[in-house]
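Quick caveat, the model's predicted, so the values are computed rather than measured. Both counts, for ligands and for their atoms, begin at 1 and track the order of listing.
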Amino acid sequence: MCGIFAYQGKRTDVANLILTGLKSLEYRGYDSWGILIKKEDKSFFLKRQVGKIKDKKLPPIIAKEGFGHTRWATHGGVLEKNTHPHFDSQKKIFAVHNGIIENFNELRQELTKKGHIFNSETDTEVLPHLAEELSKKTNNRLKIIKEIIKKIKGLNAIILYFLNESEFYAFKNSSPIVLGKNNDGVFLASDASALASYTNKVYFLNDEEIIMIKEKNIYLFDKYGKPKKINFINLNYKVEDTLLGQHKHFMIKEINEQPKIISTILETQQQNIKKATKLIRNSYGSYLIGCGSAYYACLVGTYFFSKIAKRHINAAVASEFSYLVDFLKETSLVIPLSQSGETIDVISSVKKAKEKKAKVLALTNVLGSTLYRMSDEKLLLLAGPEKCVLATKSFTAKLTFLYLLAHILNGTFNKGKKNLKKAVKEVEKIINERKKIKKLASFLKEKKHIFILGRGVSYPVALESTLKIKESSYIHAEGFPAGELKHGVIALIEKETPVIVYNPQDETYEDTLSSAYEVSARGAYVIGISSKNSPVYNQFFQIENCSDATTIPNVVFAQLLGYYLTLARGFDPDKPRNLAKSVTVK
Ligand code: F6R
């Protein structure tokens, strides 16, 4: 949450360079944005503005260094005064920050007593003031940073900039900061994909480390201030993966990428998955954890493991898992699922699991992410940068890995592969049928509620489908196990209430069909998703059976419906209100 981007180097078009960097980080928050540039004459240019960056261009200022921030508001309303960068009394020290300073009230009171005047309601503003206060006693800025690290509580990624000295200091606790470098200069960003246009050579900062950048030179220190060697790694991000190309939105671009991603996983990951299954085999008690869509993928996983591999693997929402860790032992295995690898609730749970000495097998999309670095084994989702706030391709990549894990555990990789290949064809087919889904969206766009039913493995698919509808079209959607209807939910069905029914021809088919009849009898408008049509459906979308891999094309149907509902209602599918892609605050 919140995006940070900094540059120091030879380039002189720094204002627009930073703005472009921030734009690519806007998926982390787009309440407001701000930028600070040091000009050639040593004065500065500060711009802070509420709203998205859109096509904003800044005046051509000749400058070689600066930084910026795109905000997802936590402390203080969405106002210009609360927008970063924040500054000290003299406007000599500036700060951008991602996270929460839990003890900011205390610090603010202490500083106020010492005469500091605050201009914002944010927690961040204590940082430059604290640095200003500390610099009254010493001009050793590394010492000042070490002192700030000691004083602040919470999970953060911070950059402090000392204007007169032209020095950047970056440090973090849990939230990400990536350092990048090329022949032109040095970059800091919240996410490596923001650096893809400039460099693949990156270093993921660790907690308690401090980076200092001065005159394009980079210095790394441990928490005691002892210099450390920086071991850069090369990422294989392609610039075009991070751009819209011919597409109108990242959401549709990413939906369309799914057949290729699933096929790549199928063709390249057998050995990696096989290695990972060893951890599952050797564990006594395994727990899939994740948030939002990732949690729904965990739920799908529990069905895959039970049905295919005959293994009981639990699933828990990561924000609740921290309260369940008491039963973890050395023999337990935690399997966190996280596209970003930075979701704070996942990271906190994994930290607790590690304290209990449990093993960790992560499924994440981001090489070098916090989760990636803290796990014993990892499977990279290979979905490429996911820029749309809504998870689409990362969700189906997670399902693909879970499905193959279950099949490899069961010794039936080829069978799993065959079903997934069929699923890829069905995904392609449903994408080609998008006009029909668009029409359905325009029919449903004024509805207040949409219900989605499924049984067995289709139940978590129904849950994920509702999220795809709710998040950016803002229509209320709820998913239910089809068998639960009669226990209360059916009271919500009125004439013309839209009910989507996932009904693959598996062991759930007949019972789910009965539920479709039950809601139809009460006037519901039933949309059937199945390999077999039935007179009960008012509309029918055919998806052929691919065994449990049918979950994948089924969810793609909902992704497309969510996309077209959002457009039909005039909203932006890539940047839904109140949401940020990577939830790095509690
Ligand atoms: C839904 C969505 C979120 C994320 C959740 C976890 O469309 O994007 O629910 O799935 O915030 O994010 P990661 O996978 O990065 O941990």
*asked:* Give me the nearest non-hydrogen protein atom to atom 12 (O) of ligand 1 as residue plus atom name, then the distance to 0.1 Å.
replied: Thr343 OG1, 3.5 Å
*Any atoms of ligand 1 less than 4.0 Å from a non-hydrogen atom of Ala294? List them with their elements.*
10 (O), 14 (O)
_Could you check, using the six-membered ring where one of them is a Trp, whether Tyr287 and Phe327 have ring centers closer than 6.0 angstrom?_
yes
*Kindly indicate, with the supporting measurements, whether the criterion side-chain hydrogen bond (donor to acceptor under 3.5 Å, both in side chains) is fulfilled by Asn82 and Arg71.*
CA-CA 9 Å; Asn82 292 329; Arg71 179 170 188 244; 5.3 Å; no
*Part of Glu342 with heavy atoms under 4.0 Å of ligand 1, whether side chain, backbone, both or neither*: neither
_Among Ile252, Leu390, Leu567, Thr392, the one residue meeting side-chain contact (heavy atoms from CB on, under 4.5 Å) with Pro573_ = Leu567
*Is it the side chain (CB and beyond), the backbone, both or neither of Val346 that lies under 4.0 Å from ligand 1, heavy atoms counted?*
neither
*Please state whether Thr392 comes within less than 4.0 angstrom of ligand 1, counting heavy atoms only.*
no
*Between the side chain of Lys357 and the main-chain N/O of Lys354, is any donor-acceptor distance below 3.5 Å?*
no
*State the atoms of ligand 1, each with its element, that fall below the 4.0 Å cut-off from a heavy-atom position in Val389.*
8 (O)
*Could you tell me the residue and atom name of the protein heavy atom closest to atom 1 (C) of ligand 1, and the distance to it rounded to 0.1 Å?*
Glu471 OE2, 2.9 Å
*asked:* Under a 4.0 angstrom heavy-atom cut-off, which atoms of ligand 1 come close to Lys468?
replied: 1 (C), 7 (O)
*In the protein, what heavy atom is nearest to atom 5 (C) of ligand 1, and what distance, to one decimal place, separates them?*
Cys291 O, 3.3 Å
*With heavy atoms under 4.0 Å as the rule, classify the contact between Lys398 and ligand 1 as side chain, backbone, both or neither.*
side chain
*Enumerate the atoms of ligand 1 whose separation from the nearest heavy atom of Gly292 is less than 4.0 angstrom.*
9 (O)
*Consider every N or O of Ala391 and every N or O of ligand 1, then say whether any pair is closer than 3.5 Å.*
yes
_Counting non-hydrogen protein atoms only, what is the nearest one to atom 14 (O) of ligand 1? Give residue, atom name and distance._
Gln339 N, 2.6 Å
*Looking only at non-hydrogen atoms, find the nearest pair between Ser340 and Thr364 and report the distance.*
C-OG1, 4.0 Å
_Among Leu188, Ile4, Ile159, the one residue meeting side-chain contact (heavy atoms from CB on, under 4.5 Å) with Phe67_ = Ile159
*If you have a sec, work out which protein heavy atom is nearest atom 11 (O) of ligand 1 and how many Å separate them, to one decimal?*
Val583 CG2, 4.2 Å
_Testing the basics here: between Tyr198 and Gly21, what is the closest heavy-atom pair and its distance to 0.1 Å?_
OH-N, 4.5 Å
_Single hit among Ile552, Thr551, Ile308, Ile408 for side-chain contact (heavy atoms from CB on, under 4.5 Å) with Tyr403_ = Ile308
*What residue and heavy atom of the protein are closest to atom 15 (O) of ligand 1, and at what distance?*
Ser340 OG, 2.7 Å
*asked:* Pair Lys351, Glu355 - check salt bridge (Lys or Arg N to Asp or Glu O under 4.0 Å), show working.
replied: CA-CA 6 Å; Lys351 273 188 184 159; Glu355 281 162 20; over 6 Å; no
*Per the side-chain contact (heavy atoms from CB on, under 4.5 Å) rule, which among Thr268, Ile261, Leu266 passes with Thr264?*
Thr268
*Of the choices Ser293, Gly562, Ser472, which has the non-hydrogen atom that lies closest to atom 10 (O) of ligand 1?*
Ser293
